[in-house]
There are 2 protein chains.
Amino acid sequence: MKIQNQSYRTIWLDTEDEGVVNIIDQRGLPHQLTIEQLKSLNEGAAAIREMHVRGAPLIGVTAAYSMYLGLYHAPEDTDWSTFIPAAVKALQETRPTAVDLFNVLQRVQTALEGRSKQQELVKTAKDLAAEVAEESVSFCRDIGLHGLKIIEDIYENNGNEPVNILTHCNAGWMACIDYGTATSPIYAAHDKGIPVHVWVDETRPRNQGARITAFELKEHGVPHTVIVDNLGGHLMQHKMVDMVIVGTDRTTRNGDVANKIGTYLKALAAHDNDVPFYVALPSSTIDWTIENGLKDIPIEKRSGHEVKYIQGLEQDKLKQVLLTPAESPALNYGFDVTPARLVTGLITERGICEASEAGLSALFPELND
Amino acid sequence: MKIQNQSYRTIWLDTEDEGVVNIIDQRGLPHQLTIEQLKSLNEGAAAIREMHVRGAPLIGVTAAYSMYLGLYHAPEDTDWSTFIPAAVKALQETRPTAVDLFNVLQRVQTALEGRSKQQELVKTAKDLAAEVAEESVSFCRDIGLHGLKIIEDIYENNGNEPVNILTHCNAGWMACIDYGTATSPIYAAHDKGIPVHVWVDETRPRNQGARITAFELKEHGVPHTVIVDNLGGHLMQHKMVDMVIVGTDRTTRNGDVANKIGTYLKALAAHDNDVPFYVALPSSTIDWTIENGLKDIPIEKRSGHEVKYIQGLEQDKLKQVLLTPAESPALNYGFDVTPARLVTGLITERGICEASEAGLSALFPELND
């Protein structure tokens, strides 16, 4: 997608230097656009852990490229049989909730098996990272085309009034490689000339909505309004929301979805007001090994510092300000689980299905075995 | 209640100067405690409109004292028959949602009727303001005693584990004159030695929870944890909340409650997880003239600036920082309506009742006529 009319992806191989991967460091957005060069496995792991990059698909691709960086910069005499599992483990430990990370690392590890020449290992990891990235782009594009039909239907049923879509957090192209998951149908509709307007949940504590989704939409020219996370219920009560689309960091085989903290509250409000609640996801976020999202999806606990302090712009400088009494403790979980019963449908790269094992299995029969 | 071990109320007559009323200017909390002197009707109206003071009961009392200030400082030859209605109108227009404001101004206007000597008018308004303030203190104290029983019951049923109470916004003593509404049972339990722990919703956009409720609880020594508004649903799913208590700015005759934006989302989550959801209110917040809260309670729309910018402390100075892209619009409604069906009970100064016309009428038969 575009920033100031220039095309970007969220991660790309440096064109000049081997062993260097570029990312958009998203922490300064929307105020600062910083391109960061990753030059080692550790820098890649830190970029994931400290959320220079975030979003389930992008975390997965960054992990794959981090493996490439690790293998590229390792000394020639490295014992690969210990290096590779250690590198995988280091990356697995960066974030616990998004399943793409674990799926992608599993794929890398499988691809590397049986190889021992550094050059071959490096090429394998590099090719796989590129493959996963291209897969993500293609999945996101297809999610957009399937989701577009839902928006078109609402538009026709609304007497051609603009379609109001609420989204939480950032499941945009900045969470992926391009297009986004939840935003992909929105971009597809907008680009086709269907008038859409997006209610952007600011998404405390890290404000991925107010910072990143609003930035994306603004750069692409999509009408949008930033709202506090508290407002969505009121808007739904007053018929100001036609549909909700969110992303997911992990989807269980029965259709429970873990997504950014607060998603569950919006799902409850949508259910209470008969507003369709869709979750957009590439199949890479499905965890076929678990059923009960509430019991089985590990939920990341982050520092209370992220609740107590917030970053913003003051006189052209990024500042962190304290919001609470300095002595008051804060608790900070990154995700919650929305039970399948509250989800109208899952928008995948292969089409839309019911949030259930039957629904997912019908679309992905080869994955559920 | 106490701040740094000194007893305070939120509003009081200056002991040295006639025609001066003191308030705590709450905008700088928790970082700055500022005592402001109000010396005119206009300063009183501005203090309400610009939220130096807030909270339904405190807004009502501040309006009454503002009438006193207006009458006291008016020239001797004022035409009271035009002055009084104009003063009432100016105060009515400060905030639209809290009904106490309108109820109290009605009382003042009735009390002033038939009087024409300035000295008498001034004394009448001053006495009435003091009466409304004392009433609020007494109502809040009694709400605490009734609500205490609910907390005691939970404590006993929990095997004497600490009781986890979630609250939204600030319905504490800072929203009233003393004790608070939602916090009054909490203070009563804490003071009685029942271990309580409060989950404090930060309450975007103005962060009354993170700023004021946390400050109050800290100063009184009540264990608490600040959380983002997005977290409460997750905590309830995981049985980390034993009850919810919130305040209300206006309660309809059938028990619908308007409270700070986001309250409805917490009520939905409480309902979905069988967590008792109580609303604490003095009878002054009941609007017997309306039934359907969603249709009939006017909801205040405030500036989007409050969403886009936030205030906090940086290096001992209060700073406002920009959170969103400067070009992105924001929408800001101050309240939402929680339908009676989601409310477990109303805690009033006369006891606890069902959130229904039958429940309210049984406690306040003389008011419903």
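Below, read A as the first sequence line, B as the second, and so on, with proteins coming before strands; counting in each chain starts at 1.
Between the NE2 atom in B:H238 and the OH atom in A:Y333 there is a gap of 8.5 Å [rounded to 0.5 Å]. Once rounded to the nearest 0.5 Å, the distance linking CG of B:L322 with CG of A:D316 reads 10.5 Å. Atom CD of B:E314 sits about 11.0 Å away from atom CD of A:Q311, to the nearest 0.5 Å. For the atom pair A:L323 CG and B:L313 CG, the distance stands at 10.0 Å (nearest 0.5 Å). With values rounded to the nearest 0.5 angstrom, B:K266 atom NZ is found 11.0 Å from A:L268 atom CG. Interatomic distance, B:I227 CD1 to A:N332 CG, rounded to the nearest 0.5 Å: 10.5 Å.
Listed here is the closest heavy atom pair of A:K218 and B:E327: CD-OE1, 3.4 Å. In plain terms, the two heavy atoms of A:I310 and B:I310 that are nearest each other are CG2-CG2, 3.6 Å. Annotation for B:S328 and A:V226: closest pair CB-CG2, 4.0 Å, computed over non-hydrogen atoms.
Only the backbone of A:F335 comes within less than 4.5 Å of a heavy atom in chain B; its side chain stays farther off. If you measure heavy-atom distances from B:P30 to chain A, the contacts under 4.5 Å come from the side chain alone. Of the atoms belonging to A:H271, not a single heavy atom falls under 4.5 Å from chain B. Contact of B:L318 with chain A is not made at all, since no heavy-atom distance falls under 4.5 Å. Heavy-atom distances place no part of B:P223 under 4.5 Å from chain A, backbone and side chain included. Of the two parts of B:E202, only the side chain, counted from C-beta on, holds a non-hydrogen atom closer than 4.5 Å to a non-hydrogen atom of chain A. Interface remark: B:R206 contributes no atoms to any contact with chain A (heavy atom separation under 4.5 Å).
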Begin from the C-alpha positions of B:N230 and A:Y264 and carry the test side-chain hydrogen bond (donor to acceptor under 3.5 Å, both in side chains) through to its verdict. CA-CA 9 Å; B:N230 283 323; A:Y264 165 59; over 6 Å; no

Yes or no on side chain to side chain contact (heavy atoms under 4.5 Å, CB included) for B:D229 and A:L265, after CA distance, side-chain angles and deciding distance? CA-CA 10 Å; B:D229 302 307; A:L265 294 170; over 6 Å; no

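Per-residue heavy-atom pair counts under 4.5 Å with chain A were compared for B:Q315, B:E306, B:H168, and the maximum is reached by B:H168. Heavy-atom pairs under 4.5 Å with chain B were tallied for A:A210, A:G262, A:A330, A:P325; the largest tally goes to A:P325. Most heavy-atom pairs under 4.5 Å with chain A: of the set B:L29, B:I212, B:T203, B:L231, this distinction falls to B:L231. For the set B:N207, B:L217, B:L294, B:V307, the count of heavy-atom pairs under 4.5 angstrom toward chain A peaks at B:L294. Taking B:V321, B:I299, B:L235 one by one and counting their heavy-atom pairs under 4.5 Å with chain A, the maximum is reached by B:V321. Heavy-atom pairs under 4.5 Å with chain B peak, among A:V200, A:D272, A:D336, at A:D272.
With hydrogens and angles ignored, the 3.5 Å screen pairs a side-chain donor or acceptor of A:Q237 with a backbone N or O of B:V337. In terms of modelled atom types and a separation under 3.5 Å, the side chain of B:H31 and the main chain of A:A326 share no donor-acceptor contact.
The pair A:R204-B:D201 fails the salt-bridge criterion, with no side-chain N (NZ, NE, NH1 or NH2) lying under 4.0 Å from an Asp/Glu carboxylate O.
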